[in-house]
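Since the structure is predicted, the reported quantities are computational estimates derived from the model, not experimental observations.
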Amino acid sequence: MVRAKEDGAEEMRTYRIEIRLIQFSILLSVLIIIGGFVGLWGDRTPQQAVTLPQQIEENTDLKNLKIVTLGDSFTYGYPGRPEDSWPTVLQEELEDLGVEVVNKGKGQQNTENLFERFETDVIGENPGRVVIFAGNGDALQGKDLDFFQKYIKAMVEKAQSNHIEPILALPMPYKGVQAQIKEFREWEIDFARENKLTVLDFASVLMDADNKYLEGLASTDNENYPSAKGYRKMGEYAARVLR
């Protein structure tokens, strides 16, 4: 009889322990659920910040890496060959990134001429960026600042409306039209700043403070233009800015 009572008491204690364990498990589960809602287990933002760059890397094939360079003789590579032009050097310098550079430079072009072929030579190439290198042709053909402004603005607007990033290259100092080139450059710098556009100033790596070519960087055929070495300097500089 005593033994039976002891066995019954033992079973009761075991039952109570099991009940408490079940109650504790239920309570712990509730606390975990509540904690998840109120953020007790920490901010999820760091995890998102880690995974986002990985997602971008996985989708880099969606990014348009093509660059079109639209301009006059300075883009074509005159008086040398297009093979030695700064767009060719730019292509070489950015080749490791998979960037394609298309040279659409042509001699004796003003901003209106560039705008007229923008649809075919830029939009038709479907690039991610376009370098607009203009102004020397305008100055040499006697076009005024209003003319220059009109077509630079038109090309920037056309690029942006087609989801192409416009990059402005300042016209080069040029003997005989220095005052007009200076006017173009100053306006273009202000316009780019106001519109948050990238600017390339090739004169900064080719010329001294007096707008004279540094030794070996001017062409012997036409001292107003760069030599092959000068064009290489231009391409390397553009690559540093656009990389």
Electrostatic pair [X]-[Y], nearest N-O below 4.0 angstrom:
X	Y	answer
Glu125	Lys104	yes
Glu93	Arg243	no
Glu236	Arg240	no

Quick check on [X]: does its [atom1] atom have over 12 non-hydrogen neighbours (other residues, nucleotides or ligands) under 6.0 Å away?
X	atom1	answer
Lys150	NZ	no
Glu223	CD	no
Glu215	CD	no
Gln178	CD	yes
Glu157	CD	no

Pairwise distance [atom1]([X]) to [atom2]([Y]) - rounded to 0.5 angstrom:
X	Y	atom1	atom2	value
Asn64	His163	CG	NE2	12.0 Å
Asn136	Gln141	CG	CD	11.0 Å
Lys229	Asp84	NZ	CG	14.5 Å
Leu170	Phe133	CG	CZ	8.5 Å
Ile152	Met155	CD1	CE	4.0 Å
Asp138	Asp144	CG	CG	9.5 Å

So which atom in [X] and which in [Y] form the shortest heavy-atom distance, rounded to 0.1 Å?
X	Y	value
Pro173	Asn211	CG-OD1, 3.6 Å
Ala159	Pro166	CB-CB, 4.1 Å
Pro226	Met234	CG-SD, 3.7 Å
Thr75	Trp86	CA-NE1, 3.5 Å
Asp221	Pro79	CB-CG, 4.0 Å
Val102	Lys66	CG2-CD, 4.2 Å

Worksheet item: Going through the checks in order, is the side-chain contact (heavy atoms from CB on, under 4.5 Å) test met by Val68 and Asp121?
Response: CA-CA 8 Å; Val68 168; Asp121 287 356; 5.7 Å; no
Answer whether the closest heavy-atom distance between the side chains of [X] and [Y] falls below 4.5 Å.
X	Y	value
Leu70	Arg117	yes
Leu242	Val131	yes
Phe118	Leu114	no
Met172	Leu206	yes

For residues 189-205, please give each side-chain donor-acceptor pair under 3.5 Å, one per line with the distance, not counting sequence neighbours.
from: Asp190; atom 1: OD1; to: Arg193; atom 2: NH1; distance (Å): 3.1
from: Asn195; atom 1: ND2; to: Phe191; atom 2: O; distance (Å): 2.8
from: Asp201; atom 1: OD1; to: Arg185; atom 2: NH1; distance (Å): 3.1
from: Asp201; atom 1: OD1; to: Arg185; atom 2: NH2; distance (Å): 3.0
from: Asp201; atom 1: OD1; to: Ala203; atom 2: N; distance (Å): 3.4
from: Asp201; atom 1: OD2; to: Arg185; atom 2: NH2; distance (Å): 3.1
from: Ser204; atom 1: OG; to: Asp201; atom 2: O; distance (Å): 2.6

Answer yes or no: is there a donor N or O on one side and an acceptor on the other, between the side chain of [X] and the main chain of [Y], under 3.5 Å?
X	Y	value
Asn103	Gly105	yes
Asn222	Asn224	yes
Tyr76	Gly71	no

Item to complete: Could you tell me which residues satisfy ring pair (Phe, Tyr, Trp, His ring centres under 6.0 Å) with Tyr213, sequence neighbours excluded, listed by chain and number?
Response: none
Verify same cluster id: [X], [Y] (apolar side-chain graph, 4.5 Å):
X	Y	result
Ile67	Val122	no
Phe148	Phe115	yes
Phe184	Phe74	no
Leu145	Ile181	no
Val99	Tyr237	yes

Fill in: Stepwise side-chain contact (heavy atoms from CB on, under 4.5 Å) check, Glu100 with Gln91
CA-CA 6 Å; Glu100 177 186 358; Gln91 166 87 57; 4.3 Å; yes
Discussion item. Using the rule given for side-chain contact (heavy atoms from CB on, under 4.5 Å), can you reason through Arg232 versus Glu92, listing the C-alpha separation, both sets of side-chain angles and the distance that settles it, and then say yes or no?
Written reply: CA-CA 10 Å; Arg232 175 154 294 278; Glu92 295 171 0; 3.0 Å; yes
